[in-house]
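Numbers restart at 1 for each chain; the letters A, B, ... are given by sequence-line order, proteins then strands.
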Amino acid sequence: MVFNSLTFGVFFIVVLALHYAPLPWRVKKINLVIASYLFYAAWNPPFILLLWLSTVVDWFMAKAIHREERTGPRRRLLIVSLALNLGMVAYFKYGEFALENWQALMAGFGVDYQPPAWDIVLPIGISFYTFVTLSYTLDVYLKRAAPAKSFLDFALFVTFFPHLVAGPIVRPIDLIPQFARPHVATRPMFLWGLALIILGLFEKIVIADEALAPAVEKVFGAEGGMPALDAWLGTMAFAGQIFCDFAGYSTIAIGTSLCLGFSLPTNFRFPYAAIGFSDFWRRWHISLSTWLRDYLYVPLGGSRKGPARTYVNLMITMLLGGLWHGANWTFVAWGGLHGLYLAVERFLRGRLARPGYRLSTPAALGLALLTYLAICFTWVFFRSETFAQAGIMVASMFGAHAGAEPVLPTIHVIVVSVITAAMLGVHFAMRERTIEGLAERTPAWALGGALGAMLLAIILAQGAGNAFIYFQF
Amino acid sequence: MPSSTSNSEDYWVRPMPERSVPAKGWTAILLAALAIALAGAAGWEIYMRQLGLAPDLGDGKAHWAIERRKIDRGDVAVAIVGSSRILFNTNLDEFERLTGTRPVQLALPGTPPRAFLHDLAEDPDFRGLAIVGVTPGLFFGPWEGLMANAIKYPREQTPSERMSYWLSRPLKLTFAFLDDEYRPFKHIERLRLPPRTHDEPYGDVWKIATTHADRQTYLWKRVETDPYVRAHAVHAWAAGPKRPPLPQPQIDKVIAGTVRDVAAIRARGGEVVFVNSSANGGFLIRETMGMPRARTWEPLLARTRAAGFHYADHDATRGLVTVEDSHLNPRDAVRFTRAYVSWLQAELARRGRRIGDIGKQPALR
């Protein structure tokens, strides 16, 4: 089920009605678990078995790990959990990719290997809920947290529908304590949740799907090269589309949770105002970047094993982070570029940074723009389906096809330019602020007008119920 | 559960999220927002109705899937596959009035029917009459068409998507502004600005149809009454991709595939007929020049041994004029339907068959 659908509207009203009915807290939690399974089953009912399997196995594994004191058996139990979780992801998400690469490798040795047809549907959000359950088992294994006391709370932590298919990737600390005691929203909390839902839907339906997607499809769907202006604008349109799509999802998830009385962690903090790439990853998909940091980069040694290992660890983390997004080498290249950026930034900071030095506003703006353009360059690899397509795009961006026929109509040039400029302006203005702080300072009439305009735009844009981009990951 | 049992490094520790809520009068703010949105939507609805829009269901994969699932019942007597011409030019009520049978309308705009005929041929639940609309440029070409992916949708549609579609139907039948072709951004895209690309903003097809229950589709009235909208439609047809004449092997390949599908349907007691709808102007010139009957239509009928209705062969349809070179207005669509259904009844009677009984009798050869 997608948030931007009439089905979700009806579903959410029923969920709210049950949540605010005079029922015992345990019954309300059971309702939320059932609702979350329905939310998932509305996409493909059989795959709730995977969700259930992942929940049950990690529940018992974590308990067993917690009881066991000996290192060897604890490690073996962890391996069982990892094998199941990562095995499911590997099979459903990377099986076909692995076969294709094996075929290519064999062809390199002159062996004509024909893999069997791979007609497996990718279970929606599998990478997200796998990371959620893994964080639980790993925290228990690393003795960072004790297992949950209640299976119901744990099951709800894994399946809670606002975060289930596209994050934020929650940790046990984020939700399990909240489920332990009765939670309903106060009236301001509920209404603020509704306001966030309107904002998120506006980002997704109006900006991502309606205003920017057509330009993205024209540019990335073009068969040949194009003038540099078209290539850059198409890439910037994608930068805006993926931000509004994904940040919109997170905002709706936070809003729906608030309406139910729960708090989810922030997932985006105006990332296109980032100054440098480490700053970008502190602002973009925060729940993933912190997950990778805590469960991959740091266990690899982080920055504790010398400069060379730090760079290697950074690169491994970002390459795997890229692969997490999809079974395609273009995603790995995207992650590799980010790893390279982070490594170069780390190297330069080590040599150029002066204690106490503060950037002037123009310098900060310039560096933020430079960061944005470098991030846009990486999006080419993220959006392109093949390296050939990415190559044409990169060549176009640097003027290799200056004489080619433009692909973007004038109106798309204007729309993308205006939205990109507005988005960068908002991100930079909000760099050190929060949406809550902004709402606090804005007059009520302006908030009402802005929310009314957004709601009107959502209604008129209709929304075709397009899936969120990150569902495929 | 304890919040944590920290080891020596506390990089992983973070506080439980506790979101702050801005202190504002949210009830008044959200009520004002709702009032603004409703007033704006009402104003937009009035504007859309002034432009000639009226509530209709609209077409798309979800609407098509409902019709396709009717085949699964196993008792469908007549199914229509084809492109927009047979879709616009068939009046289902008139068809039903003449024959007592209401066809299932599976034709799709801008989409060759071959894959859909093959789909029927492979479906053991279909044992009826398949009426295949032939628009030569689409039928004999190698391209998949605009809505080729509809064919998988009945199987791929999620429960959530099905429910959303059913929830949207009463809304679409109430509000004219819920028209995919008249969303605000479509208006913005159609602003006349100095062009960068060769054909903006006129290259795309704008709204030309209204769609109702059972996918009964009519040419939109405004295409008839507004010269600008009509001229744009004619321009959009002419602005389509310029293609060389179809090579003979391509035509032969299409016919060979069609022969196999016709045989499969007949083997279950079904039947197939072909209908070639009216065309005028630039469309007619392109079709006559690039795909003459002698190379396409005649061999198709000969090799499939199927009956075919060509509008140019019948007095009742020869003089019908398409509004924008390709589709008849709703009144002429009734005439066209009457003509081809009368012909069909006579043709089947000549073979000892009747519409509605096909599939219930042993196959005739």
Need one label for [X]: side chain, backbone, both or neither, based on atoms under 4.5 Å from any heavy atom in chain B.
| X | result |
| --- | --- |
| I254(A) | side chain |
| P443(A) | backbone |
| L229(A) | side chain |
| A444(A) | both |
| I414(A) | side chain |
| T186(A) | neither |
| V407(A) | backbone |
| A457(A) | neither |
| L258(A) | side chain |
| A450(A) | neither |

Lys/Arg-Asp/Glu bridge criterion (N-O < 4.0 Å) met for E210(A), R183(B) =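 Looking at E210(A) and R183(B), the cut-off is met.
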salt_bridge(D119(B), R68(B)) N-O dist < 4.0 Å =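 So D119(B) pairs with R68(B) through a salt bridge.
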To check you understand the geometry: which heavy-atom pair defines the closest contact between [X] and [Y], and what is its length?
| X | Y | answer |
| --- | --- | --- |
| G137(B) | W143(B) | O-CZ2, 3.0 Å |
| P409(A) | R196(B) | C-CD, 4.4 Å |
| L167(B) | P170(B) | O-CD, 3.4 Å |
| Q157(B) | A62(B) | NE2-CB, 3.8 Å |

Shorter than 4.5 Å, heavy atoms on both sides: which option in [options] has the most such pairs with chain A?
| options | answer |
| --- | --- |
| A33(B), G25(B), P22(B) | P22(B) |
| L34(B), I188(B), T158(B) | T158(B) |
| A23(B), S164(B), A28(B), G40(B) | S164(B) |
| A32(B), A39(B), S20(B), S168(B) | S20(B) |

Contact winner vs chain B - [options], heavy-atom pairs under 4.5 Å:
| options | result |
| --- | --- |
| L194(A), L38(A), L438(A), T266(A) | T266(A) |
| A180(A), A211(A), P45(A) | A211(A) |
| S263(A), G448(A), A439(A), P406(A) | S263(A) |
| D153(A), I198(A), T442(A) | T442(A) |
| A41(A), G437(A), P188(A), G449(A) | P188(A) |

Answer yes or no: is there a donor N or O on one side and an acceptor on the other, between the side chain of Y165(B) and the main chain of S160(B), under 3.5 Å?
->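 Between the backbone of S160(B) and the side chain of Y165(B) there is no qualifying donor-acceptor contact (under 3.5 Å).
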Donor-acceptor under 3.5 Å (H63(B) side chain, L57(B) main chain) |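 Looks like no, no N/O pair under 3.5 Å.
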State, yes or no, whether a side-chain contact exists between P123(A) and N44(A) at a heavy-atom distance under 4.5 Å.
->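 They are not in side-chain contact.
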How many angstroms lie between CD1 in I458(A) and CE in M454(A), if you round to the nearest 0.5 Å?
->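 Here the rounded value is 7.5 Å.
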Just one of V229(B), L51(B), L53(B) clears the side chain to side chain contact (heavy atoms under 4.5 Å, CB included) bar with K207(B), so which one?
->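 Result: among V229(B), L51(B), L53(B), L53(B) is the only option passing the side chain to side chain contact (heavy atoms under 4.5 Å, CB included) with K207(B).
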Contact part of L171(B) toward chain A, heavy-atom cut-off under 4.5 Å: side chain, backbone, both or neither?
->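 It is the side chain, since no backbone atom gets that close.
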Are side-chain N/O atoms of D56(B) and T210(B) paired as donor and acceptor at under 3.5 Å?
->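 Note: D56(B) and T210(B) side chains miss the donor-acceptor criterion.
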